[in-house]
Number of protein chains: 2
Amino acid sequence: MRVRTPTDVGLSIRERRKALQLDQAELARRVGVSRQWIIGIEKGKARADFSLVMRTLDALGIVLWAEDENSAAAQQTGDPLPFSAVRIADVLAAHRGAGAGQ
Amino acid sequence: MRVRTPTDVGLSIRERRKALQLDQAELARRVGVSRQWIIGIEKGKARADFSLVMRTLDALGIVLWAEDENSAAAQQTGDPLPFSAVRIADVLAAHRGAGAGQ
DNA sequence: AACCGATGTCCGCGATCGATGACAACACAG
DNA sequence: CTGTGTTGTCATCGATCGCGGACATCGGTT
């Protein structure tokens, strides 16, 4: 999902935590923060420590991508599955081979 | 690019700032932070305020995506140019039309 | 009812943040 | 060489963070 605000990240974290069937205490232990902090982040705490957020995403297996909005295909097209629908490398190889050059 | 650490974000920010031909002072003004803070972030400052980072990415037109690592096609294949080399939507359309359907 | 796990709130504390201002290092144009 | 713009460092200071601990709430179980 597209991430714009601390609230977006909070939702991603909470959803993923529940999907993994972890409670806040266990996630806190794995990330190395207090349960307090997990509560705050999931609620969209505005001024959170960035490195702790990264560690939390990592602990949950959430991958973060940064890209120029002008080359964000998904935004331009509204495609909801920019990454998972196909194996990008295969598609690119075929496309390039067809003469579309990179 | 894939973002794992504060350093990754710092590099993204610095590259994009230079691409837009902004100096640190101007970026700081637009984001509403001190120039000092921009310097720190670009150097990969570990414990930065998350909401300020988001505002900075926004000011630079950098889009952030979060997804489950198990569906991250680009990571699985190691493709270094998942977004910028071609117009993904066009490639996908052609690929699907060729019978490779998702 | 009593018990339990999970979640969320409140307090106080030490640590760290981000802002400000002054200054150094460096490149470059005049 | 002198001036100018950009980047980076240092010191100070008020504001805020994240932590531990105690406590309240809620739902489910026995």
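Side chains are part of it too, since the values below use all heavy atoms of this structure and drop only hydrogens, waters and symmetry mates. Every chain is numbered from 1, with letters handed out A, B, ... down the list of sequences. Since we're looking at a predicted model, the values are computed, not measured.
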What's the CD1-P distance between Ile38(B) and dC17(C), to the nearest Å? 16 Å
Which of the following nucleotides, dG8(D), dG18(C), dG18(D), is nearest to the side chain of Glu42(B)? dG8(D)
Review item, side-chain donor-acceptor pairs of residues 54-63 of chain B, under 3.5 Å, at least two apart:
from: Arg55(B); atom 1: NE; to: Val31(B); atom 2: O; distance (Å): 3.4
from: Arg55(B); atom 1: NH2; to: Val31(B); atom 2: O; distance (Å): 2.7
from: Thr56(B); atom 1: OG1; to: Leu52(B); atom 2: O; distance (Å): 2.8

d(CZ, Phe50(B); P, dC17(C)) in whole Å: 17 Å
Exercise: identify the closest heavy-atom pair between Trp37(B) and Asp49(B): CZ2-O, 4.1 Å
In residues 13-24 of chain B, which residues come under 4.0 Å of DNA chain D by heavy atom? Arg14(B), Arg17(B), Asp23(B), Gln24(B)
Any side-chain N or O of Lys45(B) below 4.0 angstrom from OP1/OP2 of dT16(C)? no
Just to be sure I understand the rule, does Ala25(A) reach a base, reach only the sugar-phosphate, or reach nothing, if contact means heavy atoms closer than 4.0 Å? nothing
Min side-chain heavy-atom separation Asp8(A)-Arg2(A) under 4.5 Å: no
Spell out, as yes or no, whether a donor-acceptor pair under 3.5 Å connects the side chain of Arg17(A) to the backbone of Leu22(A). yes
Would you kindly compare Ser34(A) and Lys43(B) by the position of their nearest DNA chain D nucleotide and give the one closer to the 5′ end? Lys43(B)
The answer to which of Arg35(A) and Gly32(A) contacts DNA chain D further toward the 5' end, by nearest nucleotide, is Gly32(A)
Would you say that Asp23(A) contacts Arg35(A) through its side chain, given a criterion of any heavy-atom pair below 4.5 Å between the two side chains? no
Identify the heavy atoms of Pro6(A) and Lys45(A) that sit nearest to each other, and give their distance. CB-O, 3.6 Å
